2 protein chains.
Amino acid sequence: MRASGKSRNVTMSDVARHARVSRTAVSFVLAGRSDTSVSPQTRDRILDAVRDLGYRPNAGARALAAQRSGLFGLITEIVTAPFAVDVIKGAQERAWEDRKFLLIASSEDRADMAEAAVEKLLEQRVEGLLYAATWHRAVQVPKAAGEVPTVLVNCFDAEGRFPSVVPDEIGGGRRATERLLAAGHERIGFINLDPGIPAAVGRLEGYRQALTDAGIHPDPDLVISGHATADSGYDAAGRLLDLPDRPTALFCGNDRMAMGAYDAVRERALRIPEDIAIVGFDNQELIAAYLRPALTTVALPFEEMGRTAVSLLGSLIAAGDQGKTDGQPIDTKVTIDCPLLERSSVRP
Amino acid sequence: MRASGKSRNVTMSDVARHARVSRTAVSFVLAGRSDTSVSPQTRDRILDAVRDLGYRPNAGARALAAQRSGLFGLITEIVTAPFAVDVIKGAQERAWEDRKFLLIASSEDRADMAEAAVEKLLEQRVEGLLYAATWHRAVQVPKAAGEVPTVLVNCFDAEGRFPSVVPDEIGGGRRATERLLAAGHERIGFINLDPGIPAAVGRLEGYRQALTDAGIHPDPDLVISGHATADSGYDAAGRLLDLPDRPTALFCGNDRMAMGAYDAVRERALRIPEDIAIVGFDNQELIAAYLRPALTTVALPFEEMGRTAVSLLGSLIAAGDQGKTDGQPIDTKVTIDCPLLERSSVRP
DNA sequence: CTCGTTGACTAACGCGCGTTAGTTGGGTGG
DNA sequence: CCACCCAACTAACGCGCGTTAGTCAACGAG
């Protein structure tokens, strides 16, 4: 039973006094240092005192003395895309494994807020920085980020100054297409995202590769670009379905478009997956899992990207401690697999 | 232009030396203290030095000396849930206004993780704690949370030891029902969530109040309980629609159920909103905004709850500083309005 | 000429801890 | 019996900063 109310926090000195040893001894025991010896009895006395007094180390003081905060900073544009927060989860878990704590700041998708966020995080003396985007693209990273090791997540630096972790869009496109091919489809429509963005470029490339590898010549008429909305998916799907020689399967650039495609298919009294198979992209749970029939889709590996980014950051920091960074930009671009999630919109 | 590379961080002493004053003077100027005087010239010299050297205060050291970290802790069950993002956003913004920083930890919906999270946050010497749940209910808060001011968000403590901020479920239920009444509907079906949970109890109560106030006697046959899934909504809607004297409107306990209800309506070749009006609850953007027609729904005010909770926490801490807390449990329960979002599933 | 007084500063302590450089007292080997 | 060593500790410095208790020169009043 601890003291209640405004009683000052228990410090290491309190523990030392209670255990009748020096504060140094307490520090050594708690740090688990094996190079300096402490007798088992003393050790136990100290640990007992810790328990009795309810001692809790002061992370700030520790950081000050040890010259390392144990904190990582994560900057994300929380506002726009709810689903990208899986990055936080993965990063959080991985950081926890290394006994690091994640400081999360929001850039609100505004450059000045991003700068402010970096500044605040550096004041907290984070050991490294993660910068995450809601959708895969090139970003402008605040300059100050260069002062500590930094890893980009789901985005990349046009100037290649920072290493980044991004989804394997091409592989995802392949995987989706291959799944449809495996189900026997040969005329596969592709409703792409706005042209130019990495997701659109990569997924289209994967689509083409898969078809070519299967000995099918990609039919340009079966590829349409849309705008990442349900309405756009509805329109595009309608056009493909009204083709004279219509496709038997649709690969949609994302799940929202797939959602619109469902409506277009239904309006034509066609059945999913019997008459038209559909594969989405992104795995937005709230859509994909609850559509009827549930949507087979390719997942963006946000959580895994978060984990990987923290791992990478950890090794960057370790390398930096040993002075291995020689000022050269580290042009690493780690791509993470996009797994296919089987649901019910493609026949087995 | 700052020194690059591994150069040690600039400290206050560096600034003092560069400005040819004592460190104390620098501290005073940066703290903006008006009780002790510093001549304008000196002030400028110091501020110039700060800029020249790129001085950035060390938050940890400051916390240690000032005995207050400027940190709030936020524990959420699942960081990745869309709701959590909004709570975080609101809390983040509000905290930022007070120049506080939010430490976000996840309990992964496990009691032991929650304890660990509280422990870790207390090690960081957070000045207060927010504890947020994914769905409105009573929760078990780790005991250690009692050591600092704590506010519950979207949940409440059965023992009433902590103040909490929750959505106004009754008001939301009323609002949804009143909207349907205003559109001329009199037979309004209600597909409720699992009975017993606060959301189900409150929304039903609001539904009844609205009907009664409108002089309509609630018909028990029009109320069905489901399980918060699209399938369940589909089944329940089907049963209501197959009633001899079927309702002309459906109020669904949440948006997923509404999603299922859409399918049931479509199967019967009925149109939304012409034949059947539908109102949802929760405003899960990815569903509500992208259903066709877009779903009119009642929003859970997560962002506002986050903001309010931080405000409340701030005042609790301020009160504690002045010793106004006398150990009594503060049984506050702030309810936040649930606004109706007009879309297209109810005719104007 | 002395004594406050005030404006403009500074010396120095302590916050809680990691860490280095010791200091003991009880063996061992020669 | 002495030199040496080692296990088992402890003293004390410094991390970067807020804050209290000064110091010191200038200046006006008595």
Side-chain angles (χ1 to χ4, degrees), chain A residues 7-47 49-50 53-71 99 122-127 321, chain B residues 7-47 49-50 53-71 99 122-127 321:
Chain A
S7 68
R8 219 182 60 267
N9 262 311
V10 178
T11 78
M12 217 162 187
S13 298
D14 296 332
V15 173
R17 206 171 307 122
H18 194 263
R20 306 160 139 269
V21 295
S22 74
R23 204 182 48 65
T24 310
V26 179
S27 180
F28 281 3
V29 168
L30 292 186
R33 289 178 48 159
S34 49
D35 55 328
T36 311
S37 51
V38 176
S39 75
Q41 308 89 291
T42 312
R43 221 184 110 81
D44 290 345
R45 273 219 316 287
I46 291 174
L47 292 177
V50 165
L53 299 178
Y55 169 69
R56 184 158 30 223
N58 182 322
R62 174 172 289 180
L64 187 56
Q67 294 289 73
R68 34 205 239 89
S69 62
L71 299 173
R99 338 212 81 182
L122 289 178
E123 285 187 8
Q124 300 288 336
R125 295 300 186 267
V126 294
E127 298 176 26
D321 281 351
Chain B
S7 68
R8 218 183 61 271
N9 261 311
V10 178
T11 78
M12 217 161 187
S13 298
D14 296 333
V15 173
R17 205 170 309 123
H18 195 264
R20 310 162 135 267
V21 295
S22 72
R23 204 181 47 67
T24 310
V26 179
S27 180
F28 281 3
V29 168
L30 292 186
R33 288 179 48 160
S34 50
D35 55 328
T36 311
S37 50
V38 176
S39 74
Q41 307 90 293
T42 311
R43 222 185 107 80
D44 290 346
R45 271 220 317 287
I46 291 175
L47 293 177
V50 165
L53 299 179
Y55 169 68
R56 183 155 33 220
N58 180 322
R62 173 173 289 178
L64 186 57
Q67 295 288 71
R68 33 202 240 90
S69 61
L71 299 174
R99 338 212 80 183
L122 289 179
E123 285 187 7
Q124 301 287 337
R125 294 300 186 266
V126 293
E127 298 176 27
D321 281 349

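In what follows, chains are A, B, ... by sequence order, proteins preceding strands, each numbered from 1. Heavy-atom basis, side chains included; hydrogens, waters and symmetry copies ignored. If you're wondering where the values come from, they're calculated on a predicted model, not measured in any experiment.
- Arg56(B) places no side-chain N or O within donor-acceptor distance of the main-chain N or O of Glu123(A), the cut-off being under 3.5 Å.
- Proximity of Ser37(B) to the phosphate of dG7(C): no side-chain N or O atom is located under 4.0 Å from OP1 or OP2.
- The side-chain heavy atoms of Leu30(B) and Tyr55(B), taken from C-beta on, include a pair separated by under 4.5 Å.
- Between Arg43(A) atom CZ and dC9(D) atom C1' the separation is 15 Å, expressed in whole Å.
- Rounded to whole Å, the distance from CD on Glu123(B) to P on dC17(C) is 10 Å.
- OP1 or OP2 of dC9(C) sits under 4.0 Å from a side-chain N or O of Thr42(B).
- Between Val38(B) and Arg62(A), it is Val38(B) whose nearest contact on DNA chain C lies nearer the 5' terminus.
- One can find a donor-acceptor pair under 3.5 Å joining the base of dA12(D) and the side-chain atoms of Thr24(A).
- A straight line from CG of Leu30(A) to P of dC9(D) spans 15 Å, rounded to a whole angstrom.
- Residue Ile46(B) contributes atom CD1, which lies 13 Å from atom P of dA8(C) at whole-angstrom precision.
- With rounding to whole Å, Arg56(B) atom CZ is found 12 Å from dC17(D) atom P.
- Where Arg20(B) and Ala61(A) meet DNA chain C, the nucleotide closest to each residue was compared, and Arg20(B) sits on the side nearer the 5' end.
- Atoms CG (Leu64(B)) and C1' (dG14(C)) sit 9 Å apart, rounded to a whole Å.
- If you check distances only, the side chain of Arg23(A) does reach the base of dG18(C) with a donor-acceptor pair under 3.5 Å.
- For the pair Val15(B) and Val10(B), the minimum side-chain heavy-atom distance is below 4.5 Å.
- Side-chain nitrogen and oxygen atoms of Ser22(B) include at least one within less than 4.0 Å of the OP1 or OP2 phosphate oxygen of dT10(C).
- Counting heavy atoms from C-beta outward, Ile46(B) and Val21(B) have side chains that approach closer than 4.5 Å.
- Summarising the geometry, the separation between CZ on Arg33(B) and C1' on dT20(D) is reported as 9 Å, rounded to the nearest angstrom.
- Atoms CG and CE, on Leu53(B) and Met12(B) in that order, are 12.5 Å from each other to the nearest 0.5 Å.
- Spacing between atom CD of Gln67(B) and atom C1' of dG18(D) amounts to 10 Å, rounded to whole angstrom units.
- Residue side chain Ser39(A) does not reach the base of dA7(D) through any donor-acceptor N/O pair under 3.5 Å, judged by distance alone.
- With distances taken from any side-chain atom of Ser27(B) to the nucleotides dT10(D), dG18(D), dG18(C), the minimum falls on dG18(D).
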